[in-house]
Amino acid sequence: MVPARSTSHAAHAFLHLQRGAPATLAAQLVEQLRRAVLDGVLQPDHLLPSSRELARELGVSRNTAVAAYEALAADGTIVVRARRAPVVAHVPAPAGWQGAARAQPAAAAPRTSKSARRLSAVVPPDKLDALLGGRARSRPFGVGLPDLELLPWRILERCLVRRVRSMSAADALDHDPRGAPLLRRAVLHHIAVARGVRATVDQVFITEGSQAAVDLCCRALLDPGDAAWVEDPGPLALRAAVRMAGARLIPIPVDEDGLQVHAGAHRRRGARARVAFVSPAYAFPSGARLTLPRRIELLSWAARAGAVVVEIDYEGELRFDGTPLPSLLSLDLEGVKERVIHVGTFSRSLFPGLRLGFMIVPPALVRAVAAVRAASTRSPPYLLQAALADFIDEGHFARHLRKLKQATRRRRDLLLAELGLLLPSAVRARAPAGGSVLTLDLPAGVDDVAIVQALAARGVDALPLSRSTAARAPRAPGLILGFGAHSEGVLRDAARTLAAVVTQAIGAGEAR
């Protein structure tokens, strides 16, 4: 430490400069003097020592003192005068500033937008705290998590390293807001084979996962006050994106055949909706798939209403039972290709931190969506896009999907068998035909939120079904369980923990 020396300017004894610190001595001096002015330690018109005196007082070179004074004079903190000592300028006190000598009432907290406040329902405080603290975790029954042990990490690494080494100056520049053409071509080939989609490379957008694609759709298609269909129950993050666009949610019930199209088409507000967000392959969280008659009914309504259907395909490739239904975009019906936006993601099949997804946009909307994209986030990092393109083109992604599908099916079957043995008969498990999520229906009156909290305390994650619905009527309790991220042994142990907590909660409810 360089202590202030006792001089006629003893008031400057608060200055303490640290040699060897990351900031230079001049920068430290500027920061400390500025803070003293803002805190009221140095009042307006206070006479400061000359640069020569200040340098001697602090034991630093005069150049250091001169540089500090020049910086403070430049931003108006002090006034430097020829042949006279500098003085503190008249700097207004910041509103609500809690200074050492100028204490004022605490200022009101900064106001956030309604959209930001609504997000609290999507990201609970404990999850946000974990993310901010770098404590992201993967625990049994967590939803939307893949098994990282199944990933061919070495192959992914080789694809990325090869692209880093071959990156050109042109690759480092801004690119098409739709994303890198090489990944758009790879995605188009993959989705044509896997989901029967027919489109052109010009229609493909690379996004930062499916949620970014949904947000882009909301900003490009919805004005404040517009109505939008969402599945009920459905993902909280989807509802949040619609609300942040200022649009009105129209919750449409989901049954075993998927979205009840007639329920929306015959509602006064629902009939005039601008956009319908649906997951035809597997509705979240029920796993119901939209039947072919309802798919045609949905597209017919969209044509009559002049609406756009956003098809969100979270895990459409992970089908175990029955014959896969084609995606909406692959149906050979008049007007389909002008009405449907197809959204997919690699977060569920590879890993969430990759933050890569895609959209297939109708030709008539490409320029409008591209303009919104160019004015906001642009496309994900080029190197990741290029590496993923190689991973797909060389066949690694298709092989990984086959492996992932087999493992996920085994885990589904094991979990259903374990829960069937362990849970009370009053609990019903909905067996999904695909995907990595299943739902448990609990008896009426059971507090599913309390069960989720009790499970979390025992190292097991789940989502409460009652929180995934927008219905105003009493919400049916249940649990949403993800089973794709962990081995059979881990799932078996977690099933025992879950059964004990659920059985205790049901018993307590019956006792009341």
**OP:** Would you check, one step at a time, whether the test side chain to side chain contact (heavy atoms under 4.5 Å, CB included) holds for L221 with I341?
**Re:** CA-CA 11 Å; L221 301 174; I341 294 178; 3.9 Å; yes
Original post:
Are T469 and D232 close enough, and set up right, to give a side chain to side chain donor-acceptor pair (under 3.5 Å), and what steps lead you there?
Top reply: CA-CA 5 Å; T469 178; D232 190 31; 2.7 Å; yes
**OP:** Evaluate the side chain to side chain contact (heavy atoms under 4.5 Å, CB included) criterion for residues V164 and L383: first the C-alpha distance (whole Å), next the side-chain angles of each, then the deciding distance (0.1 Å), finally the verdict.
**Re:** CA-CA 7 Å; V164 170; L383 283 174; 4.0 Å; yes
Original post:
How far apart are the C-alpha atoms of R430 and S286, what are their side-chain angles, what is the distance that settles it, and do they pass the side chain to side chain contact (heavy atoms under 4.5 Å, CB included) test?
Top reply: CA-CA 7 Å; R430 302 187 209 172; S286 67; 3.2 Å; yes
Subject >> ring pair (Phe, Tyr, Trp, His ring centres under 6.0 Å) between F397 and F346, worked out >> reply: CA-CA 10 Å; F397 184 58; F346 295 101; 5.4 Å; yes
Original post:
Yes or no on side chain to side chain contact (heavy atoms under 4.5 Å, CB included) for F277 and V275, after CA distance, side-chain angles and deciding distance?
Top reply: CA-CA 7 Å; F277 294 93; V275 181; 3.6 Å; yes
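Side-chain atoms of S436 never come within 3.5 Å of backbone atoms of G482 as a donor-acceptor pair (strictly under, hydrogens ignored). In this structure, the side chain of H266 engages the main chain of H262 through a donor-acceptor pair within 3.5 Å. In this structure, E231 contributes its side chain and L259 its backbone to no donor-acceptor pair below 3.5 Å. Side-chain N or O atoms of R139 include one that pairs as donor or acceptor with a backbone N or O of A456 at under 3.5 Å. Under a 3.5 Å cut-off, the side chain of Q203 and the backbone N or O of T200 do form a donor-acceptor pair. Put simply, the side chain of T503 never gets that close to the backbone of A500: no donor and acceptor are under 3.5 Å apart. Side-chain atoms of E297 never come within 3.5 Å of backbone atoms of V261 as a donor-acceptor pair (strictly under, hydrogens ignored). Judged purely by atom type and a 3.5 angstrom limit, R184 uses its side chain to pair as donor or acceptor with the backbone of V201.
At a threshold of 4.0 Å, the pair D255-R294 counts as salt-bridged, since one of the basic side-chain nitrogens sits closer than that to a carboxylate oxygen. Classification of R248 and D226 as a salt-bridged pair fails, no side-chain N sitting under 4.0 Å from a carboxylate O. Of the charged side-chain nitrogens involved, none lies within less than 4.0 Å of a carboxylate oxygen, so that R355 and E208 do not count as a salt-bridged pair. Salt bridge annotation for E488-R412: absent, with no cationic side-chain nitrogen under 4.0 angstrom from a carboxylate oxygen.
Across every non-hydrogen atom of P424 and I506, the tightest pair is CG-CD1, 4.1 Å. What you find for P280 and E311 is that their closest heavy atoms are CD-CG, 3.6 Å. Across every non-hydrogen atom of D202 and V366, the tightest pair is O-CG1, 3.8 Å. Considering all non-hydrogen atoms of both residues, W301 and A271 come closest at NE1-O, 3.5 Å. Closest approach of E394 and C159 over heavy atoms only: OE1-SG, 4.2 Å. Shortest non-hydrogen contact noted between M359 and L216 is SD-CD2, 3.9 Å.
Rounded to the nearest 0.5 Å, atoms CH2 (W229) and CD (Q260) are 11.0 Å apart. Rounding to the nearest 0.5 Å places OG of S166 at 7.0 Å from CG of D171. For the atom pair CD1 of I191 and CG of L329, the computed distance is 7.5 Å after rounding to the nearest 0.5 Å. To the nearest 0.5 Å, atom CZ of residue F358 and atom OG of residue S210 are 10.0 Å apart. Distance check: L156 CG to H400 NE2 gives 8.5 Å after rounding to the nearest 0.5 Å. Distance CG/L388 to CD1/I206: 8.0 Å, rounded to 0.5 Å.
Within 6.0 Å of CZ in R219 there are more than 12 heavy atoms belonging to other residues, nucleotides or ligands.
For the pair L463/L236, no side-chain contact is recorded, criterion being any heavy-atom separation below 4.5 Å from C-beta on. Between D147 and H486 there is no side-chain heavy-atom pair separated by less than 4.5 Å. No side-chain heavy atom of R158 sits less than 4.5 Å from a side-chain heavy atom of V161. Side-chain atoms of D493 and E418, non-hydrogen and from C-beta on, never get closer than 4.5 Å to each other. Using a 4.5 Å heavy-atom cutoff, the side chains of I250 and V230 are not in contact. At least one side-chain heavy atom of L440 sits under 4.5 Å from a side-chain heavy atom of L419. Taking 4.5 Å as the limit, some side-chain heavy atom of V437 sits within range of a side-chain heavy atom of I480. Contact check for V278 versus R295: no side-chain heavy atoms found under the 4.5 Å cut-off.
Both tests do not hold together for R411 against F483: distance to the six-membered ring centre under 6.0 Å, angle to the ring axis within 45°.
For the residue pair S466/D448, the side-chain donor-acceptor check at 3.5 Å is satisfied.
Here R239 pairs with nothing under the side chain to side chain donor-acceptor pair (under 3.5 Å) rule; sequence neighbours left out.
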